Number of protein chains: 2
Amino acid sequence: MSKRSIVAQEEQGGSKESAKGILSSVGRRATSQRTLLLELIREAQGHLDAPELYRLAREKDPRISLSTIYRNLSMLKAMGFINELHFAEEHHHYEIKPQAEHFHLLCVRCGHVIEFESPLTESLKAELTKRHGFTITSTAIDLAGFCPDCRGE
Amino acid sequence: MSKRSIVAQEEQGGSKESAKGILSSVGRRATSQRTLLLELIREAQGHLDAPELYRLAREKDPRISLSTIYRNLSMLKAMGFINELHFAEEHHHYEIKPQAEHFHLLCVRCGHVIEFESPLTESLKAELTKRHGFTITSTAIDLAGFCPDCRGE
DNA sequence: GTACTTGCAAACTGTTTGCACATCA
DNA sequence: TGATGTGCAAACAGTTTGCAAGTAC
């Protein structure tokens, strides 16, 4: 498995189509801005923050506004279509909500993010549920360090 | 192990003394504000954010300013005495840097935080180091859900 | 046509900074 | 006494909101 192994993208199909489907399934209108935003998040090989999505969006639609980006990101989050990530930074990053739960390994030098899954995380959750009686609803595991390329520096 | 099991506080001793020791060990002056701040973070049974620490600090020293809180929090963080936590929220929480690495289990309803350690986390790190060639420098594991008391609701 | 969305500008929140005064070593 | 630290106010960054105009259904 290469270290560039971002978890495979959803089989594309027609992303505009699926954007429309996703939105109408929750009674939201499929505006061009929303379709564009969903495409960008889906295509993005990384995990983008709002200003970055704004920058990309303006390349395709120069009239789009930053508040539209924010409004739609929180709508998509509320609807459960995307995840908001909180690395050890001030702002948020977004990703399409993955089918399988996964976690993040961030290179603090080049910013590259690797997603991973591990059976150990399930064991951890089970252990905690048993030990503390919690009903666990969300799990964030974010490790950071230097990737093989940046370790030399 | 009770569910109120916040990891035991450092054997206190004299917290003012140790504050002074901590600060002078890195060539920083032990001002009353810093001593107070360190005491508050140490005493706090939870993980407080800056505005909360400010509120508490003003009860003891009404003239203290919020920027002093921020300045000293980032100094203490830079010196490695405290950790900055990023739950899935906008602002930061702080805790005295623990001897043993530990992680967090947050109740989303009452805000109660349980700290835990688990050998599984070491296995996870080892697995990732091996699989992706990373040198891991920081690990954040934050789970959230409902604690036994709040689960009924 | 009408309710939902957008763009814009202005407001807000958490945090940082410049500067004159105060204080610890 | 001189470097370090504080308080205050003003600046910032990221994000949210009110409102009039625009658009999907």
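Below, all heavy atoms of this structure are taken into account, side chains as well, without hydrogens, waters or symmetry copies. Just so we're clear, the structure is a prediction, and the values are computed from it rather than from any experiment. Throughout, a chain's letter reflects where its sequence line sits, starting with A, and its residues are numbered from 1.
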- note: Leu36(A), atom CG; dA24(D), atom P; distance rounded to Å ~ 14 Å
- Query: Step by step, would you call Glu52(B) with Arg55(B) a salt bridge (Lys or Arg N to Asp or Glu O under 4.0 Å)?
  - Reply: CA-CA 5 Å; Glu52(B) 184 76 2; Arg55(B) 201 179 57 68; 3.0 Å; yes
- Please give, in whole Å, the distance from dG14(C) C1' to Arg55(B) CZ? 17 Å
- Task: Could you tell me the separation between the CD1 atom of Ile136(B) and the CG atom of Leu106(A), rounded to the nearest 0.5 Å?
- Result: 11.0 Å
- Whole-Å distance, Glu52(A) CD to dG14(D) C1', equals 15 Å
- Counting side-chain heavy atoms from CB outward, which of dT6(D), dT6(C), dC25(D) is closest to Ala30(A)? dC25(D)
- Kindly say if Gln33(A) contacts the phosphate of dT23(D), meaning a side-chain N or O under 4.0 Å from OP1 or OP2. no
- Message: Please give me the minimum heavy-atom distance between Pro148(A) and His132(B), naming the atom from each residue.
- Response: CG-O, 3.2 Å
- dC4(C) base / Arg29(A) side chain donor-acceptor hit below 3.5 Å: yes
- Task: Begin from the C-alpha positions of Thr31(B) and Thr68(B) and carry the test side chain to side chain contact (heavy atoms under 4.5 Å, CB included) through to its verdict.
- Result: CA-CA 11 Å; Thr31(B) 64; Thr68(B) 296; over 6 Å; no
- Item | Within residues 65-74 of chain A: residues closer than 4.0 Å to DNA chain D (heavy atoms) | Leu66(A), Ser67(A), Tyr70(A), Arg71(A)
- Note on the structure: Atom CG of Asp61(A) and atom P of dG22(D) are separated, to the nearest Å, by 16 Å
- Query: CG of Leu48(A) versus P of dG14(D): gap in Å, rounded?
  - Reply: 15 Å
- Message: On DNA chain D, compare the nucleotides closest to Arg63(A) and Pro51(A); which residue's is nearer the 5' end?
- Response: Pro51(A)
- Message: dG5(D), OP1 or OP2 - any side-chain N/O from Arg34(B) closer than 4.0 Å?
- Response: yes
